[in-house]
Amino acid sequence: MNFKKPKGTKDILPKDIYKWHYIERIIREVSAVFNFSEIRTPTFENTELFKRGVGNDTDIVGKEMYTFEDKSGDSMTLKPEGTAPVMRALIENSMINESPFHKLFYITNMFRHEKPQAGRFREHTQFGAEIIGSNSFYTDVELILMAKEVYNRCGIENYTIKINSIGKPNERKHYINVLKDFLANYINDLSEDSKRRFETNTLRILDSKDKNDRQITENAPKILDTLGEESKLRFNKVINELENLKINYEIDFRLVRGLDYYTDTTFEFVSQSLGSQDAIGGGGRYDMLIEQLGGKETPGAGFGSGIERIIIAAEKNGFTFGKINKPLIYFIALNDIARMKSYEIMNELRAKNIPSEIDLLNRSFKAQMRDANRLGVQFVYIVGDDELEKNAGQLKNMENSSQYSVPFSELAEKLLEFNK
RNA sequence: GUGAGCGUAGUUCAGUUGGUUAGAACAUCAGAUUGUGGCUCUGAGGGUCGGGGGUUCGAAUCCCCUCGCUCACCCCA
């Protein structure tokens, strides 16, 4: 019986891991530049947190969660999204009382029981950032800039920033009624999916992929036009600031996010290099969320971004993520005593932070040379009978094949000099 | 949950109207005179043709079922 990884999961193999290291480094760099602090929360939480935070009626909670009962009979869920757990942690650790303002980021894996397809997995990795405690329109802008900076540093060029506002909850309720009144006239022309959505999730009809649905909704009342003065003004400030910073964006009235907690600004980064799942990141404001989770009324905004999708988009853009690490030197020992001596020297080099390798398969000289070549090491250090006698090995530069004798005691020094 | 496409060595694929021991390239390993990699040459290992059942004298090839992968819908990063 051969074991296979669960559907929708992936093994990140040594040949690919450097991409992840690179992206994670970029995220940490950019987070530092924007003064965000890292937060890590558990892999699973009480199921109730997501029901309350994300919304019982959302697809995520309704049918995509990995929920299980633990040994004490409590219902637990592998986190399907990152914001609710971070808010829980803020409240639980009294962070909001300690300080009214926080800028946090995280890199974590997430779990949703969906049917996998291009750019969509059951376990995926997300990088996210949250700004808690300010309702300034600058927070919205700051998050957009931060995500943009990460994408830029990963060589992603061809993407579009879509932005919209879904207003306050009561404004949204009002708009849904307006939209329903409008769509009622076309109800028979809508796709089957959208007919169903008419009752369950009217807003989503706007981002239906059905051609006919889109034609109908093209002329539907726009949410932006129905918002109250305060929300409108706020949205305009965000837009003006983006203009001021010369950030290209597109107002997209179809952009209605799927999670219940969003308010006012919503945005999404859409890549032209991806398949059907083309969002590399998205987010928005959630001014009611903390209160909803039992904290005191505190505004917030954030975004999440899929690292797998960033990698796919970056590679489509020809980005290479730097290089794979390789040893600087490979020891070639021609007998047991030489091996013992080599290992002793190599141990010193490693202590001095010089990446070193030696054959552990007792291979022939030739095979060891081949192995060294395959690894792409800069140097090979050959130790055999002659070298043991002279207390000096043969240091060979694999690039130009030059080779000369270097005393055992001077090897580290020589290499450190080269490494400068 | 719905729909479509695809499953032959580690990888990319070939495999003639069903016909004997299923092939190639690349990769791996080992050699090409005594202690030197890449290039070249030679050789070796590696496949229950996704799995099960059926049709047939005979199935990688035809039929059914099943599993897996991929893409799309739904939804989302």
Look at the side chain of A:Arg120 and the base of B:rC75, then say whether one donor and one acceptor between them are separated by less than 3.5 Å. yes
Indicate, with a heavy-atom threshold strictly under 4.0 Å, whether A:Asp371 touches base, sugar-phosphate, or nothing. nothing
Does A:Gln403 contact B:rU36 through a side-chain donor or acceptor facing the base, at a distance under 3.5 Å? yes
Could you give the distance separating B:rG47 and B:rA9 at their P atoms, to the nearest angstrom? 10 Å
Base, sugar-phosphate or nothing for A:Arg197? Non-hydrogen atoms, less than 4.0 Å. sugar-phosphate
When all nucleic acid strands are considered with a 4.0 Å heavy-atom cut-off, which category describes A:Ile280: base, sugar-phosphate, or nothing? sugar-phosphate
Name the nucleic acid region contacted by A:Asp210, choosing base, sugar-phosphate or nothing; use a 4.0 angstrom heavy-atom cut-off, strictly under. nothing
Distance test, side-chain N/O of A:Gln368 to OP1/OP2 of B:rG35, below 4.0 Å: no
Provide the distance between the two P atoms, one in B:rG51 and one in B:rU8, to the nearest whole Å. 10 Å
Would you mind classifying the nucleic acid contact of A:Phe121 as base, sugar-phosphate or nothing, using non-hydrogen atoms under 4.0 angstrom? base
Side chain of A:Arg309 (C-beta onward), nearest among B:rA72, B:rC76, B:rU36: B:rC76
Determine the interatomic distance between P on B:rU55 and the same-named atom on B:rA60; round to the nearest Å. 16 Å
Using a 4.0 Å heavy-atom cut-off, does A:Ala279 contact any base of the nucleic acid, only the sugar-phosphate backbone, or nothing at all? sugar-phosphate
Residue A:Glu387, side-chain heavy atoms: nucleotide from B:rA77, B:rC74, B:rG35 that is nearest: B:rG35
Centre of A:Tyr22's six-membered ring, under 6.0 Å away, within 45 degrees of the axis: is that where NZ or CZ of A:Arg25 sits? yes
Show, in sequence, the C-alpha distance, side-chain angles and deciding distance for A:Asp16 and A:Lys19, and conclude whether the salt bridge (Lys or Arg N to Asp or Glu O under 4.0 Å) test is met. CA-CA 6 Å; A:Asp16 294 312; A:Lys19 301 172 193 173; 3.1 Å; yes
Just how far, in rounded Å, is C1' of B:rC76 from CD of A:Gln277? 6 Å
side-chain N/O A:Lys209 vs B:rC73 OP1/OP2, d < 4.0 Å: yes
Would you indicate, yes or no, if B:rC71 has its OP1 or OP2 atom less than 4.0 angstrom from a side-chain nitrogen or oxygen of A:Ser276? no
Same-atom distance (C1') from B:rG31 to B:rU36, integer angstrom: 16 Å
Among B:rU36, B:rC71, B:rG35, which is the nearest nucleotide to the side chain of A:Asp386? B:rG35
Give A:Ile307 one of three labels, base, sugar-phosphate or nothing, depending on what nucleic acid heavy atoms sit under 4.0 Å from its own. nothing
Output field: ring centroids A:Phe44/A:Phe50 closer than 6.0 Å: no
Determine the interatomic distance between C1' on B:rC69 and the same-named atom on B:rG50; round to the nearest Å. 10 Å
Considering every strand shown, what is the Watson-Crick or G-U wobble mate of B:rU17 when both distances are under 3.5 Å? none
Under a 3.5 Å limit for both distances, which nucleotide forms a Watson-Crick or G-U wobble pair with B:rA25, could you say? B:rU11
A:Tyr286 pairs by side-chain contact (heavy atoms from CB on, under 4.5 Å) with which of A:Thr83, A:Thr298, A:Asp264? A:Thr83
Any pair counted as ring-ring contact (aromatic ring centres under 6.0 Å, His included), so long as it reaches residues 322-345 of chain A, sequence neighbours left out: A:Phe331-A:Tyr381
If I pick the P atom on B:rU21 and the same atom on B:rC6, what distance separates them, to the nearest angstrom? 29 Å
Is the phosphate of B:rA30 approached by A:Arg370 (side-chain N or O, under 4.0 Å from OP1 or OP2)? yes
What integer number of Å spans the P atoms of B:rU42 and B:rC65? 49 Å
B:rG3 -> Watson-Crick or G-U wobble partner, both distances under 3.5 Å, gives B:rC71
Pairing nucleotide - B:rU56, Watson-Crick or G-U, each distance under 3.5 Å: none
Is it possible for you to check whether A:Lys237 lies under 6.0 Å from the centre of the six-membered ring of A:Phe137, through NZ or CZ, and within 45° of that ring's axis? no
Determine, step by step, whether A:Arg120 and A:Ser276 satisfy the side-chain hydrogen bond (donor to acceptor under 3.5 Å, both in side chains) criterion, reporting the C-alpha distance in whole Å, the side-chain angles of both residues, the deciding distance to 0.1 Å, and the verdict. CA-CA 10 Å; A:Arg120 199 177 64 186; A:Ser276 181; over 6 Å; no
Minimum-distance nucleotide (side-chain atoms of A:Lys115 versus B:rG1, B:rA30, B:rG35): B:rG1
Whether the side chain of A:Lys396 and the base of B:rU36 hold a donor-acceptor pair under 3.5 Å is what I'd like checked. yes
When we call it a touch if two heavy atoms are under 4.0 Å apart, what does A:Gly275 touch: a base, just sugar-phosphate, or nothing? sugar-phosphate
Contact nearer the 5' end of RNA chain B, comparing A:Asp385 with A:Lys63: A:Asp385
Quick check on B:rA77: is either OP1 or OP2 less than 4.0 Å from any side-chain nitrogen or oxygen of A:Gln126? no
Rounded distance in Å - CZ (A:Phe365) to P (B:rU34): 11 Å
Quote, to the nearest angstrom, the C1' distance that separates B:rA25 from B:rC63. 34 Å
For a quick check of understanding: with a heavy-atom distance under 4.0 Å over all strands, which category does A:Arg374 fall into, base, sugar-phosphate or nothing? sugar-phosphate
Do A:Tyr249 and A:Phe269 make the cut of ring centroids closer than 6.0 angstrom? no
